[in-house]
Amino acid sequence: MIKFLDLHKINLPYQAAFHEKMQQVLDKGWFILGDEVKAFETNFANFCGTKHCIGVGNGLDALVLIFKAYIQLGKLQNGDEVIVPANTYIASILAILQADLVPIFVEPKLVTYNINPDLISEKITSKTKAILAVHLYGQMAEMDAVNSIARQYNLLVIEDAAQAHGAILDDRKSGNLSNAAAFSFYPGKNLGTLGDAGAITTNDDELVKVLFAIRNYGSEQKYYNEYIGVNSRLDELHAAFLNVKLPHLDNENELRRNIAKRYLDEINNDKITLPFWNQTHNHVFHLFVIRTQNREHLQSYLKQNNIETLIHYPIAPLKQNAFNPETSGWNSLVFPITEKIHQEVLSLPISPVMTNDEVDFVIQILNQY
Ligand SMILES: *Cc1c(COP(=O)(O)O)cnc(C)c1O
């Protein structure tokens, strides 16, 4: 059986170091906002090339806190509109809603699965204040175009970089191409811990001051609360595990790219559309997403051949029951490219621990389909 993602195997090389870190944290007896978190914030900011990094509880909170901090700073107001790709993980949309902002959906490009910059301007109104760009599946959105529209209309740009740790565009890493960026360290991400964790990166000194406070009850000094905050801190233990794994991220991304190269070169089947990879971008292949007309058929064929696949994602966020698409009016919105993507995508196994034999087998089985 070729697993979609073998998290046990992915973490196996780090087990001894994890045990050691765990013992160190236990010996210190300090579990929240200590040296490991500080070290990780420095390490991850250095990795991304940003001035600041703020550890938080998870990726969704990272997004929500960016919006809430800009509201505290008066740069966003409740009811402001945020441009967002229509095909994303639901967290991007939930974050906008949780901050009492309004998502305005824009179609992606079918080839890149990322927001189509040419379709942004027509969605901009007097209430539009930000663009949330998502680097979906590990490929960077077209940030040059997004940022130039933002400059033209005086909008904030926020990156949802939860799938793109280490991706590079024109010598700049994901997390360093906008006003602020959100990362997730959920176990299955390219940089994943052993539970939930997240971070924000930014070069904005004003924003970072608010963020450090609102992740911790809005307090800069214990029991003195400057802002209406939340409890969303990065745990010492997770920070410790992340400090162990971060130095290996670039190498692990390279192993993913090597597999992606083989898939792209060697899968050859008219029924399968392979993902586009702009070779000037350092795609980190969080997911290797193909498209096919009869997805259920292909997925069950692969399953019969002991190859596990997943669908990212079967339903567009704006069609999810949670948003009552009938009554909200979202059902009547027409996004044909988004719909097509959600109907046709299928994610193949890809990870730094997949063996050559496994890659061979996936290619062979797909070519026989
Ligand atoms: C994983 C993910 C998130 C949310 O991260 P969590 O840590 O699970 O809260 C947000 N956006 C995208 C695109 C993601 O893939």
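All values below were derived from every heavy atom in this structure, side-chain atoms included, with hydrogens, water molecules and symmetry-related copies excluded. Ligands are counted one by one from 1 in listed order, and the atoms in each one are counted from 1 as well. All figures in this text were calculated on a predicted structure; none of them were measured in a lab.
For atom 7 (O) of ligand 1, the nearest protein heavy atom (residue, atom name, distance) is Ser184 OG, 2.6 Å. With hydrogens left out, the protein atom closest to atom 1 (C) of ligand 1 is Lys189 NZ, 1.7 Å, a heavy atom. Here the protein heavy atom with the shortest distance to atom 9 (O) of ligand 1 is Leu60 N, 2.8 Å.
Residue contact annotation: His135 has no non-hydrogen atom under 4.0 Å from ligand 1.
Between Trp277 and Phe285, the ring planes lie perpendicular to each other; the angle is over 60°, past the 30° to 60° tilted range. Between Tyr369 and His297, the two ring planes are tilted [angle within 30° to 60°]. Ring geometry, Phe18 versus Tyr14: the interplanar angle falls from 30° to 60°, so the pair is classed tilted. Taking the six-membered ring for Trp and thresholds of 30 and 60 degrees, Phe105 and Phe335 have ring planes more than 60 degrees apart, a perpendicular arrangement.
For ligand 1, the polar-atom distance check finds an N/O of Gly59 within less than 3.5 Å of one of the ligand's N/O atoms. When only interatomic distances are considered, the shortest N/O to N/O separation between Ala91 and ligand 1 does not fall below 3.5 Å. Here's the thing with Gln163: one of its N/O atoms is less than 3.5 angstrom from an N/O atom of ligand 1.
The other residues sharing a hydrophobic cluster with Ile120 are Ile83, Val102, Ile104, Val106, Ile115, Leu119, Ile124, Ile131, Met140, Met143, Val146, Ile149, Tyr153, Leu155, Val157, Leu169, Leu177, where clustering joins ILVMFWY side chains under 4.5 Å apart.
Listed by number with element, the atoms of ligand 1 under 4.0 angstrom from any heavy atom of Asp160 are 10 (C), 11 (N), 12 (C), 13 (C).
A distance-only check finds no donor-acceptor pair linking the side chain of Arg215 to the backbone of Asn231 [under 3.5 Å].
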